[in-house]
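Have a look at the structure below, then the notes.
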Amino acid sequence: MKTHLRTIVYLLMILLAEVKGLAQTRHYHEPHRPQFHFSPPYMWMNDPNGMVYYKGEYHLFYQHYPEDKVWGPMHWGHAVSKDLVYWRNLPIALYPDSLGYIFSGSAVIDWKNTSGFGINGQPPMVAMFTHHLMAGEKAGRSDFQYQSIAYSNDAGRTWTKYQGNPVIPNPGIRDFRDTKVIWHEGSKQWIVVLAAQNQVRFYGSPDLKNWTFLSNFGAEHGNHSGVWECPDFFPLKVAGNNQNKWVLIQSINPGGPNGGSATQYFIGEFDGKTFRNDNAPDKVLWMDWGRDNYAGVTWSDAPEGRRLFMGWMSNWDYAQNVPTHPWRSATTVVRELSLRQTPEGLRIFSQAIPEQKKLRAKGFTLPAQSLSGTLDVGKKSGLSPAQLELELEVMLPSDPQVKWGLELSNASGEKYRMGMDAVQNQFFSDRRMAGKHDFSKAFGKAIHIASRESKDHKVKMHILLDVSSVELFADEGRVVLTDLFFPTTPFDSISLFCEGGKVDLMKGQLWVLKGIWK
Ligand code: FRU
């Protein structure tokens with residue numbers, strides 16, 4: 001009853017804000033509002049949570065504070081999609097309770113009803129998340145985070161918290177959170193991985209309620225410049241053969257390659273108990289080199305065995321200060337992960353899902369040509385870069401001394417530049433002059449760099465530009481870079497440039513993208 005009352009109050013708040021908002025600007029079309037990314041209708045959002053596919057719907061839950069545009073008592077917001085492109089907002093799924101705020105976690109379909117929560121022969125949807133007891137933290141205790149479960153018998157619309165919570169009590173570790181549950185067929189049990197300060201811990205369970213500690217991993221592996229958060233763990237087939245590897249995705253804050261929040265990953269073996277890293281302990285592999293892809297995890301039960309990933313498109317360095325209203329934060333587009341053999345070893349490749357293509361509206365093809373100096377693409381095509389997709393393929397000269405890429409600009413004299421520095425063999429993203437940045441010292445400080453391992457003279461860039469973000473998938477997704485920017489007026493000019501020589505533009509395809517919000 002209490003929950004229903006809260007839902008009604010929440011809906012009334014939204015209605016009121018909507019009426020107020022209508023007088024100002026159309027909802028979902030406010031300045032800087034992403035047009036083809038998910039963002040919450042109102043107020044604060046951080047990590048995506050509990051992503052699971054069930055009966056034709058992709059569920060997205062998310063860290064949400066419905067009463068303010070900054071972080072606060074965490075709820076799980078909720079949206080669903082039939083195609084991972086268009087999203088429908090639903091009422092809040094989980095509210096804080098006497099055990100604490102509802103922190104990050106995951107959801108599964110308990111197909112065999114191992115938990116006994118199913119009814120009428122239908123499997124329950126079970127969420128496992130971290131309870132964070134603020135009073136405990138404030139009192140200086142170290143055991144204020146523990147793991148709990150809740151279940152839904154109506155496809156995620158309403159939830160019941162388990163009476164026996166917490167299901168994994170705190171063993172005396174201050175940072176002890178962010179549960180990712182999977183069914184492990186090999187050992188026929190549920191496995192949960194969670195972050196514990198500077199490492200992860202694995203637990204096993206027959207029924208999602210009773211958990212046994214299995215092992216830990218990571219204290220001596222990867223990057224440790226910050227606290228570990230939001231792990232994900234899944235098997236992935238190596239493209240082109242039948243080998244199966246285990247991937248551990250591990251967010252870290254701070255410590256990212258360009259500062260603040262970022263996500264690393266490990267590839268290895270798992271025997272139902274212990275994870276073994278295939279790479280040297282000091283090898284660090286990044287999911288994304290940009291500043292704005294954090295806490296990303298993948299969908300449970302995605303059809304056809306796809307491994308679909310989505311991140312929070314922001315950074316704890318400035319997320320609570322970005323100049324947006326009446327909401328804060330968006331997610332990345334959904335990305336499909338694959339594991340590919342490269343001369344340097346196995347690597348995760350991330351690519352925007354092909355479903356995104358349905359947003360392509362007007363297109364334009366640049367003829368193959370040699371590129372040096374500046375090419376005004378906007379003038380040529382009549383296309384504006386605010387919502388744009390580009391596929392560029394370039395052949396570098398044999399002794400490359402060039403820097404090439406694209407530049408967005410507007411009449412206010414703001415510009416954003418991104419591209420490749422062939423001398424350094426790296427990609428870059430430069431938002432220092434791209435608009436508002438005085439809301440945070442950390443935002444517009446430096447050029448962001450993404451190291452390129454490949455020495456291939458052929459370079460492919462797939463770029464998605466929304467009103468306030470860029471996502472670069474370079475070399476077929478081997479190098480990814482996601483960044484936000486906040487131009488005072490939308491960028492309306494776009495050009496390609498090449499400095500220090502010339503490159504051969506072999507492919508230049510552009511599409512204006514439709515928005516997903518009415
Ligand atoms: C990551 C994180 C998680 C935590 C949640 C709280 O961004 O700090 O570790 O569960 O956000 O909102």
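Order of appearance sets the numbers: ligands from 1, and atoms from 1 within every ligand.
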Listing, residues 194-202 side-chain donor-acceptor contacts under 3.5 Å, not counting sequence neighbours, or none:
residue: Q199; atom: OE1; partner: N216; partner atom: ND2; Å: 3.3
residue: R201; atom: NE; partner: Y203; partner atom: OH; Å: 3.0
residue: R201; atom: NH2; partner: Y203; partner atom: OH; Å: 3.4

Quick one: ligand 1 N/O to protein N/O pairs below 3.5 Å?
residue: ligand 1; atom: 7 (O); partner: D47; partner atom: OD1; Å: 2.7
residue: ligand 1; atom: 7 (O); partner: D47; partner atom: OD2; Å: 3.3
residue: ligand 1; atom: 7 (O); partner: W316; partner atom: NE1; Å: 2.8
residue: ligand 1; atom: 8 (O); partner: E229; partner atom: OE2; Å: 2.9
residue: ligand 1; atom: 9 (O); partner: R177; partner atom: NE; Å: 2.7
residue: ligand 1; atom: 9 (O); partner: D178; partner atom: OD1; Å: 3.4
residue: ligand 1; atom: 9 (O); partner: D178; partner atom: OD2; Å: 2.6
residue: ligand 1; atom: 9 (O); partner: E229; partner atom: OE2; Å: 3.1
residue: ligand 1; atom: 10 (O); partner: S104; partner atom: N; Å: 3.1
residue: ligand 1; atom: 10 (O); partner: D178; partner atom: OD1; Å: 2.6
residue: ligand 1; atom: 11 (O); partner: N46; partner atom: ND2; Å: 3.2
residue: ligand 1; atom: 11 (O); partner: D47; partner atom: OD2; Å: 3.2
residue: ligand 1; atom: 12 (O); partner: N46; partner atom: ND2; Å: 3.1
residue: ligand 1; atom: 12 (O); partner: Q63; partner atom: OE1; Å: 2.7
residue: ligand 1; atom: 12 (O); partner: W71; partner atom: NE1; Å: 2.9

Test salt bridge (Lys or Arg N to Asp or Glu O under 4.0 Å) on R431 and D292; report intermediate values, then the result.
CA-CA 12 Å; R431 67 180 179 191; D292 297 296; 2.9 Å; yes
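For K112 and D207, the salt-bridge test fails: no basic side-chain N is under 4.0 Å from an acidic carboxylate O. Look at D143 and R141 and you find a salt bridge, because one of the NZ, NE, NH1 or NH2 atoms lies within 4.0 Å of a carboxylate O, short of that distance. Ion pairing between E57 and R157 holds under the 4.0 Å rule for side-chain N and carboxylate O.
Just one of F38, W159, F103, W299 meets the ring pair (Phe, Tyr, Trp, His ring centres under 6.0 Å) condition when paired with F61; it is W159.
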